[in-house]
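The next block holds one structure in the form of structure tokens; read it before the comments.
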Amino acid sequence: MAPPNHVWLRICDGDRIAYEEIFNYYFNRYCNYGKKFTDDSNLIEDAAQEVMLTIWNKRESISSINRVGAYFYTSFRHNLFDKIKQSQKLVGESHFLEDPQFSIDHFMIKNELDNEIRIQLKIAIANLTDRQREAIFLRFYEELSYEEVSGIMNISIKATYKIMARALAMLKENFNLPPKLLLLLLCRHL
């Protein structure tokens with residue numbers, strides 16, 4: 001979700017209170033998103049703080065961006081990946097998680113489903129590829145458009161639709177629920 005236009009315009013005009021609101025909003029989301037790629041919380045927090053500071057410092061030159069939320073996520077993703085690569089060069093080991101997992105709580109309707117369904121959904125999501133899980137996370141948890149997801153993941157819109165279609169088909173096959181209920185589960189997070 002992007003900040004409303006009026007909040008973004010206030011930030012571009014130098015409103016520190018609006019910036020603080022957006023910083024707090026995105027910082028927590030960045031930290032959650034970053035956990036899908038690395039378990040190094042310090043690296044994630046550094047990348048989040050650096051991106052938010054850059055956005056503040058360059059607010060006047062980027063004031064004309066159309067998709068603010070997608071721009072923020074793309075900036076964070078690139079910054080985090082750069083930091084992970086730098087860290088790998090220094091340490092000589094991979095900080096990427098072998099199998100990033102989405103917290104099942106992001107996909108479940110609170111207190112309405114029993115443990116068996118939660119376990120089935122977790123298993124079905126675990127069977128997706130890393131890219132499919134990332135696309136599902138951005139599309140359903142962060143409520144970004146396909147265009148925004150494609151920009152963040154640095155793939156074409158057509159590839160985004162294919163990834164999502166394959167992921168949803170696999171979830172439908174592995175989770176054995178009607179498509180409408182499956183989409184409801186994915187859309188109803190928190």
Side-chain angles (χ1 to χ4, degrees), residues 1 26 28-45 47-48 67 69-70 72-85 87-88 91 93-190:
M1 292 179 64
Y26 276 105
N28 292 332
R29 291 185 175 276
Y30 287 160
C31 290
N32 186 32
Y33 181 47
K35 289 177 187 174
K36 310 311 179 229
F37 304 107
T38 180
D39 57 0
D40 188 336
S41 59
N42 291 328
L43 203 65
I44 295 168
E45 289 176 12
R67 294 188 174 124
F72 282 17
Y73 272 100
T74 301
S75 299
F76 171 72
R77 187 175 192 263
H78 287 292
N79 189 297
L80 180 62
F81 283 10
D82 287 345
K83 288 192 175 305
I84 290 171
K85 288 176 187 174
S87 177
Q88 289 173 347
V91 181
E93 62 184 59
S94 175
H95 285 274
F96 281 101
L97 294 177
E98 290 297 318
D99 188 20
Q101 299 292 316
F102 286 96
S103 170
I104 197 68
D105 293 333
H106 296 295
F107 298 105
M108 303 309 297
I109 301 170
K110 284 187 175 180
N111 301 320
E112 292 181 21
L113 299 173
D114 61 15
N115 286 335
E116 182 178 332
I117 292 176
R118 292 174 197 228
I119 291 169
Q120 288 176 357
L121 183 58
K122 187 174 183 177
I123 290 169
I125 290 171
N127 287 327
L128 299 177
T129 67
D130 293 345
R131 299 289 276 179
Q132 289 171 335
R133 281 193 297 270
E134 181 180 4
I136 291 286
F137 176 83
L138 292 170
R139 178 71 181 109
F140 292 105
Y141 178 74
E142 292 300 330
E143 299 175 0
L144 298 174
S145 69
Y146 283 95
E147 291 80 11
E148 291 169 323
V149 173
S150 74
I152 292 168
M153 294 180 68
N154 197 25
I155 57 177
S156 69
I157 294 173
K158 184 176 180 180
T160 304
Y161 277 105
K162 284 183 179 180
I163 288 172
M164 289 297 298
R166 288 179 183 146
L168 291 173
M170 285 182 66
L171 288 174
K172 182 181 174 240
E173 180 182 319
N174 292 331
F175 199 54
N176 199 18
L177 277 181
K180 288 182 181 179
L181 183 55
L182 179 61
L183 289 175
L184 177 66
L185 290 174
L186 291 170
C187 292
R188 293 285 309 264
H189 51 75
L190 296 179

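Quick note: numbers below take in every heavy atom, side chains included, and nothing from hydrogens, waters or symmetry partners.
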Worksheet entry | Distance, nearest 0.5 Å, that separates OG1 of Thr38 from NZ of Lys83 | 12.5 Å
Worksheet entry | Spatial distance of atom OG (Ser150) from atom CD1 (Ile163) [nearest 0.5 Å] | 10.0 Å
Fill in: Nearest heavy atoms of Leu43 and Leu80, plus distance in Å
O-CD1, 4.1 Å
Fill in: Test: Arg29 and Glu142 ion pair at under 4.0 Å
yes
Discussion item. How long is the straight-line distance from CD1 of Ile44 back to CG of Asp39, given to the nearest 0.5 Å?
Written reply: 8.0 Å
Worksheet entry | Presence of salt bridge, Asp82 and Lys85, under 4.0 angstrom | no
Fill in: Set of residues satisfying side-chain contact (heavy atoms from CB on, under 4.5 Å) with respect to Ala167, sequence neighbours excluded
Leu128, Gln132, Ile136
Item to complete: Report yes or no: does Arg77 contribute a side-chain atom to a donor-acceptor pair with the main-chain N or O of Tyr33 at less than 3.5 Å?
Response: no
Worksheet, complete the sentence: Residues at least two apart in sequence or cross-chain that pass side-chain contact (heavy atoms from CB on, under 4.5 Å) with Ala159, listed by chain then number, are Ile155, Ser156
Worksheet item: Of the non-hydrogen atoms in Glu45 and Cys31, which two are nearest, and what is the gap between them?
Response: CG-SG, 4.0 Å
Item to complete: First locate atom CZ of Phe37, then atom CZ of Phe81, and finally report the distance between them rounded to the nearest 0.5 Å.
Response: 4.0 Å
Item to complete: Taking salt bridge (charged side-chain N to carboxylate O under 4.0 Å, His left out) as the test, write out the residues that go with Arg139, two or more places apart.
Response: none
Discussion item. Tell me whether the count of non-hydrogen atoms from other residues, nucleotides or ligands lying under 6.0 Å of CZ in Arg131 goes above 12.
Written reply: yes
Discussion item. Among residues at least two apart in sequence or on other chains, which ones pass ring-ring contact (aromatic ring centres under 6.0 Å, His included) with Tyr30?
Written reply: Tyr26, Tyr73, Phe76
Worksheet item: Is the shortest heavy-atom distance from the side chain of Leu138 to the side chain of Glu148 under 4.5 Å?
Response: no
Practice prompt. Calculate, to the nearest 0.5 Å, the distance between atoms CD and OG1 belonging to Glu147 and Thr160 respectively.
Written response: 8.5 Å
Worksheet item: Looking at CG of Asn79 and OG1 of Thr74, how far apart are the two atoms once the value is rounded to the nearest 0.5 Å?
Response: 12.0 Å
